[in-house]
Structure formats: C-alpha cells, structure tokens
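Residue numbers start from 1 in every chain, and the chains themselves are labelled A, B, ... in the order their sequence lines are given, proteins ahead of strands.
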Amino acid sequence: MEESTTENPPKTFTCRLCGFSTAFTYYGQKPPNTRAIVLLEECFVTRDPFSPDKEKFLVLGSTCSLCKTCVCVGSDCSLFYTKRFCMQCVGKHLDQFPHQIQAELAKKSPKAAAL
Amino acid sequence: MDSERGRHSRVWDWDSRQCRAQLDEIFFRQHDYIQAGSPEHREFWAFFDRFQRFKIKREMSGPAEERREDKKGKKKSVTKTVDLGLPEEYDARYRINVSVCTRDIEERLGKSDHRSRQRSSGPGPHEISEFRLTLLHFLDFSQRQSFGKLAKLRQEQKNLPIFQYRDRIVELVKQHPVIVVAGDTGCGKSTQVPQYLLSAGFKHIACTQPRRIACISLAKRVSFESLNQYGSKVGYQIRFETTRTTATKLLFLTEGLLLRQIQQDGSLSQYQVMIVDEVHERHLHCDFLLGVLRSLLADRSDLRLILMSATINIKLFSSYFNDAPVLQVPGRLFPIQVIYQPIPPEEQPSRSEKLDPRPYLRILQAIDQRYPPEERGDLLLFLSGVAEISTIQEACQIYATHTRRWIVLPLHSTLSLAQQDKVFDIAPPGVRKCIISTNIAETSVTIDGVRFVVDSGKVKEMSFDPKAKMQRLQEFWISRASSEQRKGRAGRTGPGLCYRLYAESDYDAFAPYPVPEIHRVALDSLILQMKSMGLGDPLTFAFIDPPPTASIQTAVTYLKQQGALDSCGELTSIGSLLAQLPVDVVIGKMLVLGSVFNLVEPVLTVAAALSVQSPFLRSSQHNPDCSTARQPLQSNQGDPFTLLNTFNAWVEVKGERGGGSRKWCRRRGLEEQRLYEMVNLRRQFKELLKSHSLLESQESAPSGGDREQRRKRFTEKKKLHQMKREHELQEGSKRKVLKMNEGQEGEFSSGSDMEEKGKRKKEKDGAGHDLDIQEVKFKLRHNVSELQEAVNASQDLSSRQQALLKLLLCRGLYPQLAVADEHNTTRKDSDQVFHTRNKQGVVIHPTSVFASDPEVLHVPEEDIRETGADGKESSKHQLLAFVTLLETNKPYLSNCVRAPALQALLLVANSVDTNADCTRMVVDGWLELELREPEEALRVLSTALKLRAEWERLLQVQLGQSSSGGEAVQGVSRKDVGKLSDSLVRFLLYTEIRYTLRRLTALKTQNLYVGPQPETDLSDTKALVLNPLFPGAETKPDPIKGGLRLTSSFTYNCLADSKNLYSECLRTFWTCPNCSLYMPLSPLERMHHEASCRPAGEQQQDDGESGEVKPGPASASRLSRVYHCDVCDEDLTLTSTEILKHKRQHMHSAK
Ligand SMILES: [Zn+2]
Ligand SMILES: [Zn+2]
C-alpha cells in the first residue's frame, strides 16, 4: 500500500511568467503518433485533453530562444516568430519585430501592463 | 505569376466537391494526423472556408500594408543591439510553430515537374502549397483554442479559495488518518480536494455524496478538470449506473452504495482514501457511515478519511474522530444585504387558511421600483411546501402578467423533470425569473444568477411518530444554518439581497442546526443493516449523535413483527436476505414471497413501482383528458395493480413504438422518468433474486440463441452508444430563453401546450434532431423483447393469480393494515374513514383508486344478513393493506390494496387468539371476528393453520436453499408450490363464512385474556406436549394470555369469555372425513386430529417415510410420536389424538 501512495509523480511543465502549470508527456519536436507533423521548436507537449481522439497533441510551451526561460504558449507570456521569444525579450527587442507584431502588442499593452 | 494563377483557376475550383476530394486524398488519408470523415476533418473544411474569405478581404487592403513596412524596415536598423535574425518581410506563417511534410506533398510541390503535368486535372504546386499553409493555420488555430481552454481552466482553479490550501491538505492527509475540511459554498472543496489527492499520487479514492445527481455531475466536472474527460480515471457509481473501470482512481458514489459495499467487504480494502462530503447535512446514511468508518479505522491504519463539511458544527465531527485536525477554508460569496421584514399579524395565515400573498407581492414590487430592469438578477423564494407554492405562484403570476417583468416558475420534487429543468433557462432581457421553491433549492439544486432571496423561514419536514407508526410531514421554523444557506443563494454570482419574512429576534431563537435525519425517521432499514453487518446491539453503537432509544426499540419490534428478527433480536434467514435488498423491508418481503410462487414477474414490477415516486403527476390529476386516458389502466383491486397495468402498457408501447412512449406518457400525465427508474429497479431486483438463488437464472433462449439476432443487437448497441456519446458532447451546451408565458399554464392544460413542449424539446436538442436520450439509455440497458415476454407473464392475471398476488402484497405489507370504519356506508365518498391498529381515523389519499371508488370496499347490502349491536354479519368483509401512512394536513394512506379480511388475517397475522370453540377470534389484539357456527369456525381456522404451516415450510426451504448456495439442494418442488397456491387461492376465494368484523373497544382490550392459569387446571393439557401441526414445537400454556399456544401465531382458548378447556360439554361427536374415526372430541383435539390425519391418497407416501406404525385408527402418519404412558409404563408411538384417547381410557378405568 505504501508505494502506491507515492506513484511516480507526472512530469510537470510550469510557465515561469504566468505560473501556468500542468503535466506534460513529451518534450521535443516530434510528438508521438503525429505522422507528418513536425514542430519547429523543442516543445513541452501533452495529449489534447479536450479531444476525444487519443492521438491529438497539445503544445504547452517551450524555452525562449534568447534567455532560455521556460514559457507557455499563451499570448501574454510568449510569441513565436520563426523562434520562441518570451514576452520580456520581445519587450527588450521590440524594434526588431515587424510592425504588424508591434501594432498588435501595442493594442493589448494596457492589459499586459496590468498583469 | 498572375497569369499562371488565372490559368490554374480555370481548372481548379476550391469549392468543387471533386477538387476537395482530391485534396483529402493527399492530406487526410487513413494514417494522417487528420483523417477524412473525422470531426476534425469537418472542422478543417469549415475553417478553410472562413480562411479563404479572410484572405480575400486582406488582399483587398494588402498594398497599403506593404508600403508601411518599408518605412519601418529602415528604422529597424538604427536601434539594433542584438540581431534576432528575423526575416525582413512579415509573413503570418512565421508565427506558426508547426510544419507538415510528407514525401507525397513534397513531390507535388513541383520537384518533379512531369508528374504534376500528368495530373492535369489535380491540384498543382501552387494549390498544394496554399492548401498546406491553410492546414498549418488550422493546426495553429486548434492549438490556440485548446490551450486557451486549458489556461482558462487552470486560472479558474487557481482562483478558488481552496487553492492556496492545496499543499496543506495533501500534507495533512499524509500525516493524519482523519481530517476535516470545512468550507462554505463556492470554496471549491468538492471538486478540488479529490483532484489534489489524485495529483499527489493517491489511488483508490472514493468520495461519497448524499445525492445521486451530484455523483454524476461531480464525476463529469472533475474528469474534465483533471484532463481525463475521455478516460475513466474519474468515475461514478450510483444505483443503476456506473462508469467505473479498472482504470478508475477516483470514484464518486452515494453514501448508501458505499454502505452496501461495506456490507460485502467489511474492511473496504478496495479503497485507500475515503472522502465523505457534505457531512453537515446529517443524512441518515451519512451519520451511520461515519459510525461504521470510525470503527473500521481501527483495523485499517492505512485508510485515510477526509470529512468535508460546510462551516457548521465542525467541532462535532472533529471530536467524534479523536480531535481530527480541521482545515477551514473561507467561502467565496459576494456580500449579501439582509432585510428583516416580518409578516404583520393581520397577514399571518391562521392554521387552516391559505398563505396571504401580500408580503410576497410587496417584495416583487419593491424590486421593480428599486432596481432598473436592465440590471439583471433573478429572485428565489423559499416556501415550505407544494400547496404554499401554488398559492403564492398564482398571486405572483397575476402581478407578472400585469407588469410583464417577471416569469414565475415553481420548483419542487413532484414536478416533472422537464418542468423542474425550466428554472435553469434564461429570462429574456428586462425580465426576471421568480422561482418559488421548497427547500430543494437550499442544497440540492443550485441556480446561478439569483440576486434576490425571499425566505419564509419555514420548512416542511418528515418526522416519525413511533407510537402511531406513522410518518408526519409538518411545518417547522428552519434552523439558523438553513437560514444562512438560503441567504447564501443570493450571493453566488454577485452582491445580493435577502428578505427574511421574520424578525431578527425570531432568527436568534431558531435552532442552530436542523434536526439530523436519524432523529426524525423510522430506523427499520438502518437497524436491519446494522444487524446484518454484525455491529452488535444498536443501542450501544457509537453513533455521532445517537438516535432516541425509543426509535431503535420501535424498529426492533417492527422487524420482529416482520419476521426479519427472531425473538432474541437475531437476524432470521429472511432477515439476512432482506438486509441485502436496497429497499424497504415490506417491499423486500414481497420479492422473497413472490419468488416462492410462480408470480415473480408481477411481483418484481409491483415492488419496483412501490419503491419509486409515483409516475402519476399530481398536476395532471384534474385534467379530464388525462383522467380519461388513464382510465383503462386503473384497477379497483388496488393501487399496486394500477401501477402494474401502467408499467405493462408502457412496455408494450415501448416495444411497438419505441420513442413514441414519451407522447403516450404525456397524454396520460405520466412522468416517464419514473417508469425508466422502475424498469431499472425491476432488473436490479431480478438480479438480486438470482444471485441469492431465489430465482432460476435460465437463459432466455429465444433472444440469445440466434446468431443473426445477436449480431443485429450488437450493431444496434454500437449505434446507440454512438448516439449517447454525441448527446453527452452537446449536452448542457445551451440554455433556452424562456417565453413570457412560461409557467403560466399547467403542464397539461391544452393540446397546443403539448405541441409547444414538443417543439421546445426539438429546439433544445438542436438541428431538429429529436433525440430521446432516455430511450437510448433504455434500449442500451434492456432487451425490449425480453422485457415484453416478462411483462406478458404478468398481464391479464387470472382472478386466481390476482388473489394470490394480493395475498403476497398483504403478507409483505403486514402489519400495515387498515379496516373501514363501520359507518362508512352512510358517509359521503369524500368522508370515508379508516383505522389502523395504531392510528384511528385515517383517510385514503386522493390519488388512490379507493378515494374515487370507495364502494368496492363496502360490504354489499345483499350480503348482509343481520345488523345488530355486533355489527354486520357478512362473508365479504375486506381490509386494506397499505404502503405508507403519512400525515400532512390529514393522516393519509397511500398505495392501498384490498383483500378478504378473515382469510388474509388468518394467513398473515402474527397473533390470532380464540375462545374455546373458536367462534370468537381476536387478531393482533385489535380486530375481533365473530363467527356463528363453531363447525365452520373450526374448519376455517384449521385450514388456515395448515396452509400457513405449509407456506412457512416452503419459504424456509427456499431460503435455506439460497443461503447454502443453491444447486445441490433440490428445494421447493414445483408440485408443492402448485398445490399450496391452489389451496391458498381456494381458501381466499371460496371461503364463504359469515362473520362480524370490528375493532376492539378499549374496555374489551383490558379484559381480553384469561391470563395464566393455575397448573392444576391445565393438568389435562400436559398430555399435549406434542404439537402435531408443527412437529418439534411444543404446545404450551401461554404465560401471559393464558390458553394454549399452538403455533407462534395462534393461541387457543385464551380469550376471557372462554369456557374451560376440554370441558365435556364442548366435546361433540365427530367423524373424520379421512379415516374411520368417530368419537366425541373437543375443538382442539379435533384440530390435532385433522392436522395429523391425511386423506387416503397422501398416506402411502407418508408411510414409506415414517416406517413402523402402531396399529390404531387409520390416522397413522409421520406425525406420530413416542409417548411414554406412566400408567402402562410403556413407550407408545401414537398421534396426539391417539394419546388423548389412550389417556382417557385410563381415566375411565380409574373411575
Ligand atoms: Zn505563461
Ligand atoms: Zn526571453
């Protein structure tokens, strides 16, 4: 009975920025059973819990290509533009991003500032 | 480039079905991530169309963007510090972190030019590339969608007040065997605590709930939250349904079900963690469960117990478990303003009057004046009962129709489920819901969006009167705890307002907590269960709050009367069986009795029907159309027969029309849900009887045999499962907007209303797809043709079967019997009065067939021979057996069945006392029967005793068989059963003896018995140490009543007016019809002789068994005993009659 109390705890992904936390089942660019699909970055992946199909995956987050911080894919925490950037790094190098992205961020910046 | 695109588009049409099919073949093959035909595939194409439209729009505003980008590009190079290496030109595809590549796609993208030319009609490289990009956008879109959902879920969990105690809770559970988590509404304990334990690695967690519906909804919610929506890690188990598998780690189940599991497995080894939720509600089962778990913890040091409660009386629970640590969590309620608005004296209802609606209307008015209609928020009004609700509903409806600002909806458990469901629908803008409810909305039903609460401060609660053995529904002031609970309903979604229609001083005077159920109800089932769990003396069991001793004693006495406990209070064989049936003792008894006779099918139906709420809706009672449609279902034999007819007719409709049964039920004012419950319960009963070997588990050959049929059933089941899943996916997605006239009309007021309802249902199910999920579940669970066969066996019962079934019901329901008042024939139909042993002056509930047709209970005029001081002499007296006696404004009998009085009493009563010639009989010390002819009296009594003995024997064989596991013992023979049923039926139907029937007066009760007699007077009876009726049992003087106890239920000659036993004057010459015996015999001697003397035909059989027989009258039988005669000093094998004769010889010779 004793060992069953402490069953191997699932590996947990936690976003350093927002604290979002959930178990992940795979880390890498080629989640299992995804056929022709390849991820363009190393990601924390889990099974999509909202799909009845067991083989649908869900990307939770990855590491910032600049500062290596672990961040979730939520738009408040990170941005993918050919590479993953955490919002802090995006802020630092905002000028290098195309104006479409700048405009987008400016639009929701009051909200981002509040967070 | 433009020209190329133009050329292609001439042969390539994105909207053509053919072109799309070609793309499907490239991108969505069987082994691809998305397969053609799957739900995602449909979603993709919908996305594709949206995306195309989006692109066209963007292309139109495209050039302007490009120009601006050029400007920015220049600026960029100035401030650059670290080069991120981002592409110069913006493209949305760079924002996607997914790619799709197969060799197939690569080839088509133009790497081998000649191949693509070969497929001139197919997609070219440009189309492939464009399509792939759309696919990537779709994948990105669905990723974002799912992640958004997950992030939102996690955020909501974090926002719950209990979240910050997460680690603390896990830690406490690891360190202590028992902990108490106390938190108010909205703190999230019920959904979160089980999850915390799951993610901490605990397995085998059980969480009990007082209500079945909560088990289902919690399991659903928790499996969603723990991201196991499509798995079975989290499941539920209730009476008929379970989603539990071997993979289930967390199980929600009812308290009652867990108790049953403990009954089977005393150490409850299947669980590691027990969560008992809502312990503060103090339900009977919960209080008992806590007691059982408390003693179980002593043997299971590894078991973890978590009690979850509102912040009510926490110390009680903690100290009961050795001062278990308490973790208190604040609730999450918005502030609620309380306004005390006591009802002025002139508006206080007097006891008999209806409620005065004025105080309630004033509040509606006040809300309308103070709050603009744009400010949303509904009103929830708590009243004590259904009658009160309809009074206030009526008044509020008039106001609502006038102002058009309210939709008035009642809410109580006797409404149809569809009607109850309406309270969750949404009011149109500018209109508020006014929900008028019983205390069902206090805990069981949670309605969001309530801003105003009106609390009448009253509740109707069931209490139990052990003296009258009657349930009573009485109005009480609520407790402070309930009052707070009601108030809290106003602050779930925003700040609220609570009007209390009583003074603050009243509030202060309220009891702090409601009276626990264990103090209010009959404890029969509880005590029986305790006995079967081997928990010892119920009086010494360590309950958290012990019930009154009198309650326990009443229950024990009742169980003894029922034959479930023996005189020492130990479980009898029938008792131990009854303890395992999840029904009332009386219903369980019916089932067991029915299994002996060939009446299993109808008894199963009746037992199931009597265990669920009545399917007949109260609201339809006054609807003439419903009454007419119901007419053919009615039986004047009694309500159980009406229920039987109804069920049978419903099954027939199911077989013929399937889903059409819904309409059939609506037309008759039947709540179909109850019939579904009945059919499920019926099946459970059948399985229970089988598992106890009370029923042969024969495979029904016709449905199981045919392979083709089985295959058909299999495909049908697959389809049904699919339908059920689809229904579950879309379930609860949308709430309907209420119409202004909703709730105004009754459910059955007009034909157009019915159409309305049909339409409404369709809209709700979406896309005109009128799925009856109950029908689907029914078909999944039951084989209709099998059920029809079973039902056929109970349809059109012959009058003989009917008589027997009635007898079984009487014996099952005994001692719940009532007799008509002697003056009923002169009273109006509505004034008919009845009496039970413990309660005088009860009436028949208006829903019963005997309320509308009381004449069938009267003794027919033409049969009455004489009406004297002793009452009417007739052979047609009847009595009623009833299921419930409940006092509301009057004491009502419900679910009654009628039966011939004398016969039924002699066959089922626990105590029959007679005078010396048996012309006077007193049953159970309250009913007196007088017969004119001693001859007849003796014959009927003697027959009844014989039948009872045989019935008892067969029952014991049947039960013995079940306890020993069955097969080996070839117990009850069909022949014996057939013979007994024939004799019982003959006795019931053809006993034509005139007698009077009346209740004993108080005076007569006082001097009823002769009392114990001095030894010398009974010297003669010493000879009667043998009791031929029940070999082995002794006939002995009754120590209290006097007279002689012949069987446990029959005492001879103990009534005070009796003449002396064996006084010569009572001996009359008599010829035995079976043997040649002719001599003067006393009634008792004669009975003995009759019992031991078998007809010639039966004798041979007996001879073989008994072996050596002493010569004597031809009455020799196995009932002969060894008798030692002191005078002869010899052992003689004689029957009791022979012993008497022998003794008399000596007496005469001595003289
Ligand atoms: Zn984050
Ligand atoms: Zn970074």
*Closest heavy-atom contact between Y90(B) and P98(A)?*
CD1-CG, 3.3 Å
*From CA spacing to verdict: side chain to side chain contact (heavy atoms under 4.5 Å, CB included), R95(B), L79(A)*: CA-CA 8 Å; R95(B) 303 183 70 163; L79(A) 172 81; 3.6 Å; yes
_Contacting moiety of D91(B), where chain A heavy atoms sit under 4.5 Å_ = backbone
*Taking the side chain as every heavy atom from C-beta outward, state whether P87(B) and T82(A) have any pair of such atoms under 4.5 Å apart.*
yes
_If you count heavy atoms of other groups shown closer than 6.0 angstrom to CD of Q175(B), is the number above 12?_
yes
*Which heavy atom of F57(A) sits nearest a heavy atom of Q143(B), and at what distance?*
O-NE2, 3.0 Å
*Which atoms form the tightest heavy-atom contact between F80(A) and I96(B), and what is the distance?*
CE2-O, 3.2 Å
*In chain order, what residues pass the ring-ring contact (aromatic ring centres under 6.0 Å, His included) check against Y94(B), with sequence neighbours excluded?*
Y81(A)
*Determine, stepwise, if the pair S38(B) / D53(A) fulfils side chain to side chain contact (heavy atoms under 4.5 Å, CB included).*
CA-CA 10 Å; S38(B) 66; D53(A) 187 340; over 6 Å; no
*Quick one: ring-ring contact (aromatic ring centres under 6.0 Å, His included) partners of F44(A), sequence neighbours excluded?*
F13(A), F24(A), Y27(A)
*Is atom CD of Q88(A) surrounded by more than 12 heavy atoms (other residues, nucleotides or ligands) closer than 6.0 Å?*
no
*In terms of heavy-atom proximity below 4.5 Å to chain A, should E40(B) be classed as side chain, backbone, both, or neither?*
side chain
*Count the heavy atoms of every other residue, nucleotide or ligand shown that sit under 6.0 Å from CZ of R35(A), and state whether that count exceeds 12.*
yes
*Take atom CZ of R29(B) as the centre, draw a 6.0 Å sphere, and report whether it contains more than 12 heavy atoms from other residues, nucleotides or ligands.*
yes
_So which residue, N33(A), L39(A), I37(A), ends up with the most heavy-atom pairs under 4.5 Å with chain B?_
I37(A)
_L84(B) versus K83(A), closest heavy-atom pair with distance_ = O-NZ, 2.7 Å
*So, R154(B) versus S21(A): side-chain donor-acceptor pair below 3.5 Å or not?*
no
*Report the distance from atom OG1 of T22(A) to atom CG of L153(B), rounding to the nearest 0.5 Å.*
8.5 Å
*Answer whether the closest heavy-atom distance between the side chains of N228(B) and P49(A) falls below 4.5 Å.*
no
*Give the minimum heavy-atom separation between R84(A) and N97(B), together with the two atoms involved.*
NH2-ND2, 3.3 Å
*Please round to the nearest 0.5 Å and tell me the distance separating atom CZ of F20(A) and atom NZ of K158(B).*
9.0 Å
*Indicate the atoms forming the closest heavy-atom contact of F50(A) with S146(B), along with that distance.*
CE1-O, 3.4 Å
*Drop me the distance from Y230(B)'s OH to S51(A)'s OG, to the nearest 0.5 angstrom.*
6.5 Å
*asked:* Does V38(A) form a side chain to side chain contact (heavy atoms under 4.5 Å, CB included) with V100(B)? I'd like the steps, not just the answer.
replied: CA-CA 6 Å; V38(A) 180; V100(B) 173; over 6 Å; no
*Test the K56(A)-Y33(B) pair against the cation-pi criterion, namely NZ or CZ under 6.0 angstrom from the six-membered ring centroid and within 45° of the ring axis.*
yes
*Interface moiety of C15(A) toward chain B, non-hydrogen atoms closer than 4.5 Å*: neither
*Evaluate side chain to side chain contact (heavy atoms under 4.5 Å, CB included) for L150(B) paired with L58(A), printing each intermediate quantity in order.*
CA-CA 10 Å; L150(B) 182 54; L58(A) 175 63; 3.9 Å; yes
_Max heavy-atom pair count under 4.5 Å with chain B, selected residue of C43(A), G74(A), S75(A)_ = G74(A)
*Who among C101(B), G231(B), S142(B) has the most heavy-atom pairs with chain A under 4.5 Å?*
C101(B)
